[in-house]
Amino acid sequence: MYKFCLIVLLLFAYQVFAQSADPTKPFSYSVSSSSKTVKKAELVLQTIVESGEEKRVVINGQLLSVGDRILQYKLAKITSRYALLSSPEKNMKLSLFSLVVVKSK
C-alpha cells in the first residue's frame, strides 16, 4: 500500500511539473510572478507581416498598421526589420529578434 501511494504521488507531481513548463513559449516572453501576464508597460515586437506592399506588425499580441495606436504611442513606420513608434515625448524603435524589452513610462 505504501508503494502504491508513493507511485501515485510521484505521478501527480510529474503531471503538475509538466503543465508548468511550456516548450513553445518564446524566449523573450516576460511573465509576472503574480499574474502570469506580460506587463502592460512593456512593448514587444513579435512579428512583421508583409502582404505585397502592405506591412503590419504584431506588438504585444495586437495586429497593427501604420497610424494605429498602442498605449500612448502611434505606429509611425514599419520596415522589414523594425517598427517605429512615436509619441509627443519620444520615438521608440522596436526591432525583431531583440532580447531587450523596452519599457514605457
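Quick note: numbers below take in every heavy atom, side chains included, and nothing from hydrogens, waters or symmetry partners.
Val66 is not connected to Leu84 by any chain of hydrophobic side-chain contacts under 4.5 Å among Ile, Leu, Val, Met, Phe, Trp and Tyr, and they are in different clusters.
Each of Ile48, Leu45, Val49 was checked for a side-chain contact (heavy atoms from CB on, under 4.5 Å) with Ile78, and the lone residue meeting it is Ile48.
Pairs of residues two or more places apart, or lying in two chains, that qualify as side-chain hydrogen bond (donor to acceptor under 3.5 Å, both in side chains) and include a residue from residues 48-57 are Glu54-Arg56, Arg56-Ser65.
Within the 4.5 Å cutoff, the side chain of Ile59 has heavy atoms near those of the Leu85 side chain. Two residues are said to be in side-chain contact when any heavy atoms from C-beta on lie closer than 4.5 Å; Tyr82 and Leu96 fail this criterion. Taking the side chain as every heavy atom from C-beta outward, Leu43 and Leu94 approach each other to under 4.5 Å.
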Determine, stepwise, if the pair Lys90 / Tyr73 fulfils side-chain contact (heavy atoms from CB on, under 4.5 Å).
CA-CA 9 Å; Lys90 65 178 182 176; Tyr73 297 98; 3.1 Å; yes
Begin from the C-alpha positions of Ile70 and Leu64 and carry the test side-chain contact (heavy atoms from CB on, under 4.5 Å) through to its verdict.
CA-CA 8 Å; Ile70 185 165; Leu64 303 169; 4.0 Å; yes
Would Leu75 and Val57 count as a side-chain contact (heavy atoms from CB on, under 4.5 Å) if you check the C-alpha gap in whole Å, the side-chain angles of each, and the deciding distance to 0.1 Å?
CA-CA 9 Å; Leu75 183 57; Val57 294; 3.6 Å; yes
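In terms of the side-chain contact (heavy atoms from CB on, under 4.5 Å) criterion, residue partners of Val58 (sequence neighbours excluded) are, by chain and number, Gln46, Thr47, Leu63. Residues passing the side-chain contact (heavy atoms from CB on, under 4.5 Å) test with Ser86, sequence neighbours excluded: Lys74, Ala76, Asn91.
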